[in-house]
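Here the structure comes first, spelled out in structure tokens, and everything after it is commentary.
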2 protein chains.
Amino acid sequence: MDTSLTQEELRDHIIDSATRSFEQYGYHGSGINYIIAQAGIAKTTLYRHFKTKEALILAAIQKEDVKFRREMIDYVSARSESPREQLLLTFDFMDMCFKHEGFYGCIFISATSEFSDKNSMIFIEAAKHKHYMVQYFVKLAAEAGFAHPKEIAAKINVLHEGCVAVAQVNTYDNAAIHAKSIAKIFLENQG
Amino acid sequence: MDTSLTQEELRDHIIDSATRSFEQYGYHGSGINYIIAQAGIAKTTLYRHFKTKEALILAAIQKEDVKFRREMIDYVSARSESPREQLLLTFDFMDMCFKHEGFYGCIFISATSEFSDKNSMIFIEAAKHKHYMVQYFVKLAAEAGFAHPKEIAAKINVLHEGCVAVAQVNTYDNAAIHAKSIAKIFLENQG
DNA sequence: GACTTGCGATACAGATCTGTCTACAATAAC
DNA sequence: GTTATTGTAGACAGATCTGTATCGCAAGTC
């Protein structure tokens with residue numbers, strides 16, 4: 001690295017750099033040597049902060065979970081106070097994500113693809129993120145006064161996952177906008 | 001292998017065996033040695049049929065594309081002659097897929113995750129499958145008489161991708177049934 | 001019966017992977 | 001000044017990966 005960083009900052013820098021690599025090349029496709037080259041650090045440094053590659057992956061997933069949800073919540077909270085509106089605004093947030101250069105898909109879905117053993121730590125952490133996402137949708141649906149917030153949330157979640165997958169394959173498909181318009185129609189038909 | 005197979009049958013057997021491995025462990029996670037052990041063949045045999053691992057992956061993707069779409073079309077065609085009904089029946093087909101033991105997610109999405117370079121043959125072949133899927137939805141939507149079949153198809157596609165991703169993380173979520181009920185409401189509101 | 005073809009088994013080459021080790025520099029604490 | 005800590009640089013071990021080469025066997029063809 002270049003200039004003075006605290007241990008915490010350096011650790012974050014390693015995670016961020018590794019995350020970009022995981023996004024682009026997947027977990028198995030991202031070698032330790034490549035990761036440290038991208039981060040500009042020595043191998044010793046990486047292994048001082050993370051005992052194994054799996055520990056690095058877990059840290060990356062956990063950090064991305066917190067970051068993604070915080071950014072999403074900030075985005076929608078800044079634009080509306082209505083829970084129902086917020087449910088729909090999450091799709092605008094997704095749309096913004098897709099247009100970012102460096103978007104290659106959902107690293108949590110990728111994690112469950114590459115580590116399909118449902119007892120593995122990596123699968124569990126990735127699934128945890130998806131669970132938190134649904135919980136957030138449940139909260140908004142309940143606040144919006146829908147009769148069956150869990151069901152609403154599960155369906156909003158299907159639309160979210162769907163637009164991510166479509167955007168991953170076909171970047172310029174307005175997948176999030178499509179998902180939003182479906183969500184709108186769907187919510188309007190819930191009474 | 002055990003008994004007499006034609007070259008074509010053996011080739012198919014290798015592809016099927018490799019596909020199961022790719023589904024469970026991903027492409028980078030499936031080593032050649034593991035694949036041949038699972039297939040019960042010699043390494044020489046594999047490399048006689050496929051020049052490289054990439055060629056094997058491409059063959060697996062192409063075969064799965066044809067197989068999946070044929071099975072889906074057969075499934076819905078056998079159950080209804082109404083294009084509109086068929087659009088909805090695709091979700092029942094997905095539900096059936098998810099309940100199969102050995103379902104680990106969509107190998108086409110996994111392919112685009114692990115090989116994100118949009119110029120790579122693997123990405124292109126995987127994207128081709130998704131394109132064929134949308135084409136099929138367009139055809140059904142047009143036959144059903146919807147005014148904007150392409151838009152309908154794109155949205156049905158979002159629901160498809162969504163329920164696959166949800167099912168991959170949480171197998172017992174009735175994701176396909178949720179997607180179907182959204183699709184139903186959505187189609188009813190298209191006039 | 002000789003020859004060809006396809007497959008199994010396995011040794012092997014060469015690359016790459018994860019993770020450890022040693023050596024050295026810079027900085028802060030005492 | 002000494003010592004502990006944290007970093008860089010990179011050699012290295014050992015495993016694993018892709019792909020090739022060699023050998024033997026079985027079956028079909030001439």
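Throughout, a chain's letter reflects where its sequence line sits, starting with A, and its residues are numbered from 1.
Among the protein residues, A:Thr6 comes within range of no part of the nucleic acid, since none of its heavy atoms lies under 4.0 Å from any strand. At a threshold of 4.0 angstrom between heavy atoms, the contacts of B:His28 with the nucleic acid are absent.
Side-chain nitrogen and oxygen atoms of B:Thr44 include none within less than 4.0 Å of the OP1 or OP2 phosphate oxygen of C:dG8.
Taking the six-membered ring where tryptophan is involved, the planes of B:Phe22 and B:Tyr27 are tilted, since the angle between them lies from 30° to 60°. Aromatic ring orientation, B:Phe68 versus B:His129: perpendicular (interplanar angle above 60°, classes split at 30° and 60°).
Between A:His160 and A:Phe137, the distance separating the two ring centers is shorter than 6.0 angstrom.
Atom NZ in B:Lys43 sits roughly 13 Å away from atom P in C:dA9 (whole-Å rounding). Nucleotide D:dT5 holds its P atom 19 Å from the CZ atom of A:Arg11, rounded to whole Å. We find that CG of B:Asn33 is positioned 14 Å from C1' of C:dG8, with the value rounded to whole Å. Rounded to whole angstrom, the span from the CD1 atom of B:Ile36 across to the P atom of C:dG8 amounts to 10 Å. Residue A:Tyr47 contributes atom OH, which lies 11 Å from atom P of C:dC17 at whole-angstrom precision. The interatomic distance linking A:Arg48 (CZ) with C:dT20 (P) rounds to 13 Å, in whole Å. Nucleotide C:dT5 holds its C1' atom 14 Å from the CG atom of B:Leu10, rounded to whole Å. When rounded to the nearest whole Å, the span between CD1 of B:Ile35 and P of D:dG19 equals 10 Å.
No side-chain donor-acceptor contact under 3.5 Å links A:Thr19 and A:Glu64. Remark: the B:Glu23 side chain and the B:Tyr104 side chain contain no N/O donor-acceptor pair separated by less than 3.5 Å.
Considering only side-chain atoms of B:Thr45, the nucleotide from D:dT8, C:dG8, C:dT18 that sits closest is C:dG8. Here the side chain of B:Ile41 is nearest to one of C:dG8, D:dT18, C:dG19, namely C:dG8. Comparing C:dG8, D:dA9, C:dC7 by their closest approach to the side chain of A:Ala42 singles out D:dA9.
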